[in-house]
2 protein chains.
Amino acid sequence: MANIRDVARAAGVGIGTVSRALNDSGYVEAGKKEKIRRIAKELNYRPSELSRSFVQKKSGLVGIVLPDVAFPFYGAFLKYAELELNHIGYKTLVCNTLGVQKRVSDTLDLIEAGSLDGMIINTDVTREEIERMKGMPVVSFERVLAKEIPMVASDHIKGGQIAAKLLKENGCKNVMILGARFATKVHAENRIKECRRILEQSGIQVTAVEINGAFLSYPFIEEMISQYLDMYSRIDGIFTEDVEAYCCLMQAKKRGIYVPRDLKIVGYDGNEMTRMIDPQVTTIAQDVPLLARTCVEVLAKKIAKEKVDAHYYIPVKLLQGGTTV
Amino acid sequence: MANIRDVARAAGVGIGTVSRALNDSGYVEAGKKEKIRRIAKELNYRPSELSRSFVQKKSGLVGIVLPDVAFPFYGAFLKYAELELNHIGYKTLVCNTLGVQKRVSDTLDLIEAGSLDGMIINTDVTREEIERMKGMPVVSFERVLAKEIPMVASDHIKGGQIAAKLLKENGCKNVMILGARFATKVHAENRIKECRRILEQSGIQVTAVEINGAFLSYPFIEEMISQYLDMYSRIDGIFTEDVEAYCCLMQAKKRGIYVPRDLKIVGYDGNEMTRMIDPQVTTIAQDVPLLARTCVEVLAKKIAKEKVDAHYYIPVKLLQGGTTV
DNA sequence: ATGAAAGCGCTAACAG
DNA sequence: CTGTTAGCGCTTTCAT
């Protein structure tokens with residue numbers, strides 16, 4: 001493969017001139033610039049990105065670290081994040097931690113080694129990892145890590161309010177709120193707190209239960225939900241994430257509980273699958289494209305060493321479906 | 001950040017010795033090796049990957065190019081592929097083409113520029129792109145591109161046979177087979193051909209229809225299916241991909257068609273969501289983990305310039321659900 | 001406006 | 001075994 005010296009020789013100029021001509025940097029005589037470009041094309045010359053990255057000390061790569069891209073919400077997030085990163089000239093590296101903590105610190109290593117210009121992270125992290133991240137161009141998605149690390153999240157407080165209002169209007173008297181437990185403080189927990197607060201204020205019985213562990217497989221989620229439904233048989237309303245909402249629907253059918261007559265289910269996330277399956281789950285939709293865009297914009301600022309805010313909140317909205325009335 | 005020279009100075013040795021000590025290459029006196037390692041750690045030294053990549057002419061990055069990671073099948077594939085690549089020391093770059101052809105050639109550029117050591121591709125490609133790929137470490141997933149480019153795919157012929165047998169046994173007389181149309185020859189088309197051949201041989205009426213375009217959004221898929229169901233109202237069996245199968249279920253309900261009594265639906269792919277939603281779709285499952293592992297193994301061989309086969313076929317298997325009897 | 005030259009930080013070849 | 005040295009291909013001064 002031709003290198004810059006081959007082009008310089010063929011064009012009868014110095015390599016500096018070739019570099020300037022091809023990068024539109026510095027001064028190059030107009031005609032000469034054309035000639036150099038033509039010759040570069042003839043030689044099928046591609047500047048070695050490896051060399052450019054090395055000399056410029058940036059890789060053009062951004063890492064996205066998430067629990068499991070096969071979960072609909074994360075898959076959607078990655079899609080839009082990659083799209084936005086591409087728009088501003090970055091390539092996207094993915095890392096599915098699948099609950100393996102080492103993968104997070106490995107990705108931090110990549111930043112230190114220069115392989116990554118920045119990172120968007122949405123997984124559990126340890127105290128040490130938070131310390132390391134403080135000096136790095138990192139944006140946290142959903143997790144409250146430290147004041148030095150900007151966080152982008154949905155307006156989960158509003159989400160909790162919408163859910164509470166809906167369950168109340170649906171006449172529920174005995175609501176189960178189902179969420180995952182994380183090692184790292186997740187902003188989404190506010191949706192649970194807020195929903196619970198409002199419901200209890202109205203004299204509605206609330207049972208908040210946790211699915212233990214940030215990373216789970218579907219069969220395990222179903223099993224957990226099945227057990228909870230056995231334990232709390234008088235439940236007439238459920239508030240949980242979309243994936244879990246479908247598991248609840250499945251379990252309800254198995255038990256002969258008719259939804260929405262006997263049981264209302266309110267989902268969270270607004271995954272596309274909630275719209276294409278009957279019944280459509282009533283759900284509170286996060287604005288994934290905007291979440292992704294915001295993460296990328298904030299990260300770009302961090303990389304450019306510009307000032308960024310500590311928190312960014314993205315609105316949510318209710319999507320009516322057939323699991324409430 | 002400390003560089004190799006700082007470590008060498010602090011340890012009172014030459015940089016060559018540091019390099020050998022840290023990489024376990026060549027000879028270094030045992031005690032000295034320990035000392036160098038200790039000092040490197042004290043200085044919090046991380047070798048610049050940018051420099052190492054540059055000098056070794058490999059990036060350690062593999063690109064995965066697919067239509068849209070938010071689709072369940074691709075999301076699952078990416079998950080397992082990333083996992084397998086990580087096992088053998090590669091990082092994973094994602095590229096969602098979303099139907100934009102330029103993104104494919106951009107990724108090819110990355111290989112030429114050295115940013116990518118190899119690529120797994122599962123999108124439409126042009127003739128020119130195929131030509132370019134012939135000399136590159138590329139594995140095609142599902143697409144028949146050229147004899148120089150190894151392909152990994154499910155055993156779709158067997159898949160078509162399983163579907164045909166099932167629809168026949170279910171007593172269907174009028175089957176619709178629904179598939180997407182691609183610009184590039186997709187091996188999965190064989191499942192349609194084979195299913196059709198067998199059904200017609202048994203005197204069953206078959207209508208094969210296409211969803212036009214390789215990349216589509218859910219609402220558009222629903223609209224297409226709705227139209228097809230209007231056009232072919234006497235259909236009593238459908239064979240299509242899982243996502244489309246759910247759209248068919250939805251449309252059937254809207255029309256008061258009872259599944260499986262009046263209409264049998266056989267899905268394809270075996271997405272996890274087909275197991276967690278009621279009714280579970282009867283589907284022919286691809287072995288995504290094995291597909292991903294095979295792609296990665298074959299790619300590793302290609303990168304190492306070892307011989308590889310032209311085609312690799314992965315078994316499929318039937319998952320019974322509630323959309324057939 | 002442009003050629004020559006100095007690195008970037010590392011690996012690998014080489015002489016000792 | 002180990003220190004020195006020669007690049008890798010590019011960008012970026014720096015004289016001219």
Side-chain angles (χ1 to χ4, degrees), chain A residues 1-41 43-61 89 109-117, chain B residues 1-41 43-61 89 109-117:
Chain A
M1 177 85 142
N3 67 20
I4 198 171
R5 209 152 16 223
D6 299 326
V7 178
R9 200 176 313 124
V13 299
I15 60 170
T17 309
V18 174
S19 176
R20 275 166 302 206
L22 263 26
N23 293 312
D24 264 323
S25 62
Y27 301 92
V28 178
E29 190 192 312
K32 199 169 273 185
K33 186 182 278 190
E34 287 318 304
K35 184 182 176 194
I36 291 172
R37 293 227 163 122
R38 184 172 49 71
I39 288 177
K41 182 160 292 181
L43 264 48
N44 192 30
Y45 167 70
R46 316 259 165 189
S48 157
E49 279 306 321
L50 255 25
S51 176
R52 307 186 77 199
S53 295
F54 170 51
V55 93
Q56 296 177 155
K57 301 199 175 320
K58 50 205 203 70
S59 61
L61 240 196
D109 288 348
L110 290 180
I111 299 188
E112 282 189 345
S115 296
L116 241 39
D117 292 346
Chain B
M1 177 86 144
N3 66 21
I4 197 170
R5 209 149 19 220
D6 299 326
V7 178
R9 201 177 312 125
V13 299
I15 60 170
T17 309
V18 175
S19 177
R20 273 168 304 211
L22 264 26
N23 294 311
D24 265 323
S25 61
Y27 301 92
V28 179
E29 188 193 312
K32 198 169 274 185
K33 186 182 279 192
E34 285 320 304
K35 183 182 176 195
I36 291 172
R37 292 225 163 125
R38 185 172 49 70
I39 289 178
K41 182 161 291 181
L43 266 47
N44 192 30
Y45 167 71
R46 315 259 164 189
S48 158
E49 277 307 321
L50 254 25
S51 176
R52 306 185 78 196
S53 294
F54 171 51
V55 91
Q56 295 178 154
K57 300 198 175 322
K58 50 205 203 69
S59 61
L61 241 196
D109 289 348
L110 289 180
I111 299 187
E112 283 189 344
S115 297
L116 242 40
D117 291 346

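Lettering of chains follows the sequences in order, A, B, ..., and the numbering in each one begins at 1.
Counting only residues at least two apart or on different chains, the side-chain hydrogen bond (donor to acceptor under 3.5 Å, both in side chains) pairs with a member in residues 25-34 of chain A are A/D24-A/K33.
Minimum heavy-atom separation, A/A21 to A/V28: N-CG2, 3.7 Å. Taking both residues in full, the closest heavy atoms of B/G60 and B/D117 are given as N-OD2, 2.7 Å, listed atom of the first, atom of the second, then distance. The minimum heavy-atom distance between B/K58 and A/L50, with the atom names listed, is N-CD2, 4.0 Å.
A heavy atom closer than 4.0 Å to some atom of DNA chain C occurs in B/Y45, B/P47, B/S48, B/S51, B/R52, B/F54, B/V55, B/Q56, these being the qualifying members of residues 45-57 of chain B. Across residues 23-39 of chain B, B/N23 each have a non-hydrogen atom less than 4.0 Å from an atom of DNA chain C (numbered order). Listed by residue number, the members of residues 2-11 of chain B with any heavy atom below 4.0 angstrom from DNA chain D form an empty set.
Listed by chain and residue number, A/L61, A/L93, B/S59, B/K91, B/L93, B/L116 satisfy the side chain to side chain contact (heavy atoms under 4.5 Å, CB included) test with B/L61 (two or more places apart in sequence, or in another chain). Partners of A/S48 according to the side-chain hydrogen bond (donor to acceptor under 3.5 Å, both in side chains) rule, which considers only residues two or more places apart in sequence or in another chain, do not exist here. Partners of A/R52 according to the salt bridge (charged side-chain N to carboxylate O under 4.0 Å, His left out) rule, which considers only residues two or more places apart in sequence or in another chain, are A/E49. Listed by chain and residue number, nothing satisfies the side chain to side chain contact (heavy atoms under 4.5 Å, CB included) test with A/K57 (two or more places apart in sequence, or in another chain).
Taking 4.0 Å as the cutoff to heavy atoms of chain A, we find the contact window on DNA chain C bounded by C/dA1 to C/dG9. In the 5' to 3' direction, nucleotides of DNA chain D lying under 4.0 Å from heavy atoms of chain A begin and end at D/dC8 to D/dT12.
A distance of 13.0 Å separates CD1 of A/I39 from NZ of A/K41, quoted to the nearest 0.5 Å.
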Run the side-chain donor-acceptor check on residues 1-13 of chain B: report pairs under 3.5 Å with partners two or more places apart or on a different chain.
residue, atom, partner, partner atom, Å
B/N3, OD1, B/R5, N, 2.9
B/N3, OD1, B/D6, N, 3.1
B/D6, OD2, B/N3, N, 2.9

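Computed from C1' positions of five pairs at each end, the angle between the two local axes of the helix from C/dA1-D/dT16 to C/dG16-D/dC1 equals 50°, rounded to 10 degrees.
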